[in-house]
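A short write-up of the structure that comes next.
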Amino acid sequence: MRTQVGIIGAGPAGLLLAHLLHLRGIDSVVLERRSRDYVERRVRAGVLEQGTVDTLVAAGVGERLQREGLPHRGIELRYGGAGHRVSFERLVPGRAITVYGQQEVVKDLIAARLSAGGDLRFEVDDVAVHAIDTARPYLTFGGERLDCDFIAGCDGFHGVSRSSIPPGVLTEYVRDYPFSWLGVLARVKPSAEELVYARTERGFALHSMRSAEVSRFYLQVPADENIAGWPDERIWAELKTRLETVPGFTLATGEIMEKSVTPMRGFVAEPMRYGRLYLAGDAAHIVPPTGAKGLNLAVADVRVLTEALARFYESGSTVLLDGYSRTCLKRVWRVQHFSWWMTTLLHTFDSDDAYERRLQLSHLDYVTSSEAAATALAENYIGLPYEEAGAEDEHVARAEPREEPW
Ligand code: APR
Ligand code: PHB
């Protein structure tokens, strides 16, 4: 078998890449280890940046998103017995976020791929990557061989593609946080209209939502906490303690449909390319979910990779492919910083002494009272604009050589 781009992984990165390439007349095959049902049910974060929404709409996969997604024009930071709204409509006019579950994005993309006759294979659990440092890379799986021009590693943090790169090529940057998030999906009307990020002495809590009938919550818990220690009553009691901290706010409770514990980690592998293997999304980087950036960053990578591959197929030029890693990593590091910053602002760290706790509260007061500080939060949360394809490469070509390794 042969295709132009072999894509490993049918998460948001792999599926969107396949779809965007198809719109540019480029063939691909997507190989996914799990079943369709599994990937369509996997509950993840659910905040889409304006640019992500625009990308999905422009690609023709935004119809349900526009109908069912919940546009939000602000968030609340709750601490010290008061709620403080950060207004996106005032600070970054004309831009909003949309609350829409990641698995809904995945369902829409799978439907679009299949209706366009795309080659998308599930339950392929033995993909191996070969000859990526040659012009004829290929994938093997289930006794078959798929020859490709390029391979896209969109197989998440635990995938096979990053680990196929020879030792010594990548530099990996890691930040493990000393806590996890316990995520809860509940059949209950949201108790707030916008997302509430709550900092308390007992730890962080987040009230989010999926629809008028379904709410999403997160609780900061110790790292690697066992979910068995969290029966539903304990979850509701802790959510109430951390969220019912402002006058007049009562948390409605209901049936818990899903709960799981996610470790909090920042990770970047550089460069995001080796030979003809290009990493995108969680395969190359992960962020703690506090800024809700994981999916959005995967979309940004895939946009850059699509432009680069399209340029190559149109003109034979590798200039954008050669700039892929550098272009993506600029945004990746901005988002690493923002996610680290939001995490540090809102969580309790056992290692913090009384001085650091005071600094944290002062920082929160600053963000909720200074227009300049709130704007920095708002523009990062809504998502910084995309760079124009190739702009950075021309800039770098003119500038002095820089120290970056990619
Ligand atoms: N072979 C084939 N598929 C694989 C393999 C493998 N060896 N290993 C992993 N996969 C699949 C996973 O089953 C998953 O469906 O790759 C897919 C990767 O998808 P995601 O983990 O969703 O990653 P990505 O598409 O980069 O999306 C990033 O996901 O983790 C969230 O917060 C993150 O929202 C962000 C988004
Ligand atoms: C979610 O709704 O899942 C969500 C919202 C905001 C975050 C993280 C997750 O920061």
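Both counts, for ligands and for their atoms, begin at 1 and track the order of listing. For clarity, every value in this text was computed on a predicted model and none was experimentally measured. Position 1 is the first residue of the sequence; numbering continues from there.
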Check each heavy atom of Thr290 against ligand 2 and say whether those closer than 4.0 Å belong to the side chain, the backbone, both or neither. backbone
Regarding Ser369 and Asp365, is there a side-chain donor-to-acceptor distance under 3.5 Å anywhere? no
Using a heavy-atom cut-off of under 4.0 Å, does the side chain or the backbone of Asp155 touch ligand 1, or both, or neither? both
Atom 8 (C) of ligand 2 - nearest protein heavy atom and its distance: Pro289 O, 3.3 Å
Closer than 4.0 Å to some heavy atom of Leu295 - which atoms of ligand 1 meet that? 34 (O), 35 (C)
Any N or O on Ala13 sitting closer than 3.5 Å to an N or O of ligand 1? yes
Between Tyr197, Phe217, Tyr218, Trp181, flag the one that comes closest to atom 4 (C) of ligand 2 by a heavy atom. Tyr218
Short N/O distance, under 3.5 Å, between Pro12 and ligand 1? yes
Considering only protein heavy atoms, which is closest to atom 34 (O) of ligand 1, and at what distance to one decimal place? Gln102 OE1, 2.5 Å
Under 4.0 Å from any heavy atom of Gly159, which atoms of ligand 1 are there? 8 (N)
What's the shortest distance from atom 11 (C) of ligand 1 to any protein heavy atom, and which residue and atom give it? Glu32 OE1, 3.2 Å
Specify side chain, backbone, both or neither for Leu31, according to which of its non-hydrogen atoms lie closer than 4.0 Å to ligand 1. backbone
What atoms of ligand 1 come closer than 4.0 angstrom to any heavy atom of Cys154? 16 (O), 17 (C), 18 (C)
How about Thr241 and Arg202: does a side-chain donor come under 3.5 Å of a side-chain acceptor? no
At under 4.0 Å between heavy atoms, is it the side chain or the backbone of Ala45 that contacts ligand 2, or both, or neither? both
Can you find a non-hydrogen atom of Arg210 under 4.0 Å from ligand 2? yes
Location of contacts on Val39 toward ligand 1, heavy atoms closer than 4.0 Å: side chain
So is there a nitrogen or oxygen of Gly291 less than 3.5 Å from a nitrogen or oxygen in ligand 2? no
Please write down residue, atom name and distance for the protein heavy atom closest to atom 20 (P) of ligand 1. Arg44 NH1, 3.7 Å
Say whether Arg42, considering both its backbone and side-chain N or O atoms, lies within less than 3.5 Å of an N or O atom on ligand 1. yes
